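Below are the structure tokens for one structure; questions will follow.
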Amino acid sequence: DAYVDQNGRGHEATIEQYGKGNDATIEQHGKNQVASITQECDSEDNTVVIDQTSGHGDVCVTCPEPCKDCGDYNGPKSGPKDGHNDDRISERSVRAFSHGNGYGANVATVDQDGKHNDAEIVQKGKGNEAVIDQDGKYNDAKIDQNGKGNYAEITQDGRGNDADIEQDGTDNTAYIDQDGYYNTSNIKQGGECNYASTNQTGSNQWSDITQCGKNLSACVTQSNGSRW
């Protein structure tokens, strides 16, 4: 199923689905929002939701590769092999790319309120869930999941924050919460059953967590001033 709800002016929404049982929703309010969702041929039972409000929104374009199960496919036939075209059209972007490898059940949600925010979610595998919630200006968030049963959540409120979560494995959990200005946080997990969280308030904070193994736990809390 595919749903698009637009309220305002100058919006553009694109949904391309080629698998089975996929759900996609785009909600746009305000003006000049652009959103694109691509779910490829061998993805099943995936769910993607994009909610855009206010600001002046623009997009990162996704270009899916055709495959034999798509039938008569007349869409883009060029671009990188992973289905991404990173040419930025303008200032604010949302991209959700779900590739279930035949297993399905990935869930991705993006909610942005403000101006010039950039969000990207890439999921490959089974049973992964990713959430990005941005409120403010010039924030950048990216979640990349490969495996099964992983959960990642990024929440940003402020200006100029940058957050990146990369998960490769099974049943890993990662949270990043940023409230302030020009904070940077990176979490990279490989293995299984790992937990990581970063909470930043204030300005000019920097955090980097890397986990490789099993049943690892790491928590970072930063507030006020500049901390590196």
Side-chain angles (χ1 to χ4, degrees), residues 19 21-23 39-40 42-49 82-84 95-112 118-135 139-158 161-180 182-228:
N22 296 311
D23 291 323
Q39 304 200 84
E40 285 202 336
D42 53 354
S43 63
E44 295 182 8
D45 302 318
N46 295 310
T47 300
V48 178
V49 178
D82 65 355
H84 293 83
R95 176 175 64 186
F97 174 80
S98 188
H99 184 218
N101 294 327
Y103 296 104
N106 293 313
V107 177
T109 303
V110 177
D111 189 349
Q112 296 190 128
D118 185 2
E120 177 182 342
I121 294 175
V122 179
Q123 294 174 309
K124 298 179 182 179
K126 175 183 179 181
N128 299 302
E129 184 172 356
V131 178
I132 294 176
D133 187 352
Q134 295 178 313
D135 186 359
N139 296 308
D140 188 359
K142 178 181 179 180
I143 296 174
D144 191 338
Q145 296 174 310
N146 184 17
K148 61 182 180 179
N150 298 302
Y151 181 86
E153 182 175 329
I154 295 174
T155 302
Q156 295 174 316
D157 187 359
N161 296 306
D162 188 355
D164 191 336
I165 295 175
E166 181 179 342
Q167 296 173 310
D168 188 353
T170 303
D171 295 327
N172 296 301
T173 302
Y175 296 92
I176 294 176
D177 189 352
Q178 296 174 314
D179 187 356
Y182 307 110
N183 297 304
T184 299
S185 179
N186 301 301
I187 295 176
K188 185 175 182 179
Q189 296 175 308
E192 58 182 303
C193 300
N194 298 308
Y195 176 88
S197 70
T198 300
N199 188 303
Q200 296 173 316
T201 58
S203 60
N204 300 308
Q205 317 284 351
W206 182 87
S207 173
D208 194 347
I209 296 174
T210 300
Q211 296 174 312
C212 184
K214 183 177 180 180
N215 295 324
L216 303 171
S217 180
C219 299
V220 174
T221 301
Q222 297 174 309
S223 61
N224 301 323
S226 297
R227 303 286 176 85
W228 296 86

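The shown structure was predicted, so the numbers you read here are calculated from the model rather than taken from an experiment.
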Roughly how far apart are Trp206 CH2 and Asn183 CG, rounded to 0.5 Å?
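If I round to the nearest 0.5 Å, the distance is 13.0 Å.
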
If you take all heavy atoms of Gln211 and Ala218, which pair is closest and at what distance?
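In terms of heavy atoms, the two residues are closest at NE2-N, 3.5 Å.
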
With sequence neighbours left out, write down each residue that passes side-chain contact (heavy atoms from CB on, under 4.5 Å) with Asp168, or none if nothing qualifies.
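Result, side-chain contact (heavy atoms from CB on, under 4.5 Å) vs Asp168: Asn146.
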
Would you indicate whether the side-chain heavy atoms of Lys142 and Asp164 approach each other to under 4.5 Å?
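Of all side-chain heavy-atom pairs linking Lys142 with Asp164, at least one is under 4.5 Å.
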
Work out which heavy atom in Gly169 is nearest to a heavy atom in Asn150; give both atom names and the distance.
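Taking every non-hydrogen atom into account, O-ND2, 3.1 Å.
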
So which atom in Ala119 and which in Gln134 form the shortest heavy-atom distance, rounded to 0.1 Å?
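Nearest heavy atoms, Ala119 then Gln134: CB-OE1, 3.9 Å.
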
Starting at CG of Asp162, measure out to OG of Ser185 and round the result to the nearest 0.5 Å.
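With rounding to 0.5 Å, CG (Asp162) is 9.0 Å from OG (Ser185).
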
Calculate, to the nearest 0.5 Å, the distance between atoms CG and CD belonging to Asn172 and Glu166 respectively.
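So the gap between those two atoms works out to 11.5 Å.
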
Do you know the tightest heavy-atom contact between Gln145 and Ala130?
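Reported closest heavy-atom pair: OE1-CB, 3.5 Å.
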
Once rounded to the nearest 0.5 Å, what's the spacing between atom CD of Gln205 and atom OG1 of Thr198?
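Atom-to-atom, Gln205:CD and Thr198:OG1 are 11.0 Å apart.
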
Apply ring-ring contact (aromatic ring centres under 6.0 Å, His included) to Tyr151 and list each qualifying residue two or more places apart in sequence or on a separate chain.
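Expected list: Tyr175.
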
Which heavy atom in Asn106 sits nearest to a heavy atom in Gln123, and how many Å separate them?
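In this case the closest contact between Asn106 and Gln123 is CB-OE1, 3.6 Å.
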
Could I get the full list of side-chain hydrogen bond (donor to acceptor under 3.5 Å, both in side chains) partners for Tyr195, not counting sequence neighbours?
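Once residues adjacent in sequence are excluded, Tyr195 has no partner under the side-chain hydrogen bond (donor to acceptor under 3.5 Å, both in side chains) criterion.
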
Could you grab the distance from atom CD1 of Ile209 to atom CD of Gln189, nearest 0.5 Å is fine?
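Result: 8.5 Å between the selected atoms.
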
In Å and rounded to the nearest 0.5 Å, what is the CG to CG distance from Asn139 to Asp157?
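So the CG of Asn139 and the CG of Asp157 are separated by 8.0 Å.
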
If you take all heavy atoms of Ile132 and Ala141, which pair is closest and at what distance?
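Where Ile132 meets Ala141 most closely, the heavy atoms are CG2-CB, 3.8 Å.
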
